[in-house]
Amino acid sequence: MRKMPATYRYMIDEFLTPSFHFSISEYEVSRFHDLHGHEFFEMEIVLSGKGTQILNGESSQLVQGSVYLLTPVDFHTIIPVPGFPLRLINLKFTEEWLDEELRLFLFRQPNRLIVRCEGEHWVNIEKECRRLLAESTASRIGKRQAIRATLDRLLVDLLRMIRRMLDLH
């Protein structure tokens, strides 16, 4: 019997500073990413490009405005469309960044944590991500508090958008 390769799980110490456990970056995905999971939360915002994500066995299209959150129990793969690389803002963080009530809301969601933002919602999501990028690279008073507050707003907005989508269907 042929053995399937083990699904890779990215660990906290591979990506996150031990004393901070938060990172944000902007990068491009132009090749297939094998199925993998994370020991931490990962949120990605698609700035441009086209592709497909397979999250826990369910496929969804990725286009500008797609926003998704992966929990430590999720596994996914990303497949960009050739010639249309995905430009992403990527956030990685541990649950220590989450308010307990917000963490419970996230894990109680019956559906995948993925939405497509347009118009004012898209403008606000991108603006909050840019603020997180700026806060994470600066050494200013209140850095941790500003990141936590902005992350909380992003996640609450994501939950509200998902709720609106469910109410419409």
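Quick caveat, the model's predicted, so the values are computed rather than measured.
Of all the heavy atoms in Cys117 and Ile125, the pair that sits closest is SG-CG1, 4.0 Å. Tyr10 and Phe15 get closest at one heavy-atom pair: CD2-CE1, 3.2 Å. A pairwise comparison of heavy atoms in Phe20 and Ile147 identifies CZ-CD1, 3.8 Å as the closest pair. For Ile114 against Ser60, the heavy-atom pair with the smallest separation is CD1-OG, 3.4 Å. Taking all atoms of both residues into account, the shortest heavy-atom contact from Leu132 to Thr150 is CG-CG2, 3.6 Å. When all heavy atoms are compared, the tightest approach of Ser136 to Phe22 is CB-CE2, 4.3 Å.
Annotation for Arg160: atom CZ does not count as buried by contact number, only 12 or fewer foreign heavy atoms lying within 6.0 Å. Within 6.0 Å of NZ in Lys127 there are 12 or fewer heavy atoms belonging to other residues, nucleotides or ligands. Other residues, nucleotides and ligands contribute only 12 or fewer heavy atoms inside 6.0 Å of the CD1 atom of Ile141.
In this structure, Val81 is not a member of the same hydrophobic cluster as Val29, with clusters built from ILVMFWY side-chain heavy atoms closer than 4.5 Å. Clustering ILVMFWY residues whenever any of their side-chain heavy atoms sit less than 4.5 angstrom apart, transitively, puts Trp97 in the very cluster that holds Val156. Residues Leu154 and Val123 fall into different hydrophobic clusters, defined by Ile, Leu, Val, Met, Phe, Trp and Tyr side chains chained together at heavy-atom separations under 4.5 Å.
With values rounded to the nearest 0.5 angstrom, Lys92 atom NZ is found 10.5 Å from Leu70 atom CG. Here the straight-line distance linking atom CG of Leu91 with atom CG of Leu69 works out to 9.5 Å at 0.5 Å rounding. Taken to the nearest 0.5 Å, the NE2 atom of His36 stands 10.5 Å off from the CG atom of Asp74. The line from CZ of Phe40 to CD of Glu95 is 13.5 Å long, rounded to the nearest 0.5 Å. Atoms CG and CZ, from Leu62 and Phe84 in turn, are 14.5 Å apart once rounded to the nearest 0.5 Å. In this structure, OG in Ser25 is found 8.0 Å from CG in Leu133, a value given to the nearest 0.5 Å.
Side-chain atoms of Arg116 come within 3.5 Å of backbone N or O of Gln64 as a donor-acceptor pair.
Counting only residues at least two apart or on different chains, the side chain to side chain donor-acceptor pair (under 3.5 Å) pairs with a member in residues 11-22 are Tyr8-Glu14, His21-Glu96.
Taking 4.0 Å as the cut-off between side-chain N and carboxylate O, Arg103 and Glu100 count as a salt-bridged pair. For Glu135 and Arg148, the salt-bridge test fails: no basic side-chain N is under 4.0 Å from an acidic carboxylate O.
The side-chain heavy atoms of His121 and Asp157, taken from C-beta on, include no pair separated by under 4.5 Å. In this structure, Leu158 and Leu106 have side chains that are not in contact, with every pair of non-hydrogen atoms separated by 4.5 Å or more. By the 4.5 Å heavy-atom criterion applied to side chains, Phe75 and Asn56 are counted as neighbours. Under the 4.5 Å side-chain criterion, counting only non-hydrogen atoms from C-beta, Ile89 is in contact with Arg130. In this structure, the side chains of Gln53 and Thr77 stay at 4.5 Å or more apart for every pair of heavy atoms. Inter-residue side-chain proximity for Arg9 and Thr7 is flagged as unmet; no heavy-atom pair is nearer than 4.5 Å. When side chains are defined from C-beta on, Leu98 counts as touching Phe93, because their heavy atoms get closer than 4.5 Å. Under the 4.5 Å side-chain criterion, counting only non-hydrogen atoms from C-beta, Val46 is not in contact with Val63.
The salt bridge (charged side-chain N to carboxylate O under 4.0 Å, His left out) check on Glu39 picks up nothing, with sequence neighbours excluded.
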Is there a side-chain contact (heavy atoms from CB on, under 4.5 Å) between Leu86 and Glu44? Walk through the geometry before answering.
CA-CA 11 Å; Leu86 292 162; Glu44 291 193 310; over 6 Å; no
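Of the options Thr94, Leu113, Thr71, Leu155, a side chain to side chain contact (heavy atoms under 4.5 Å, CB included) to Phe41 is made by Thr71 and by none of the others.
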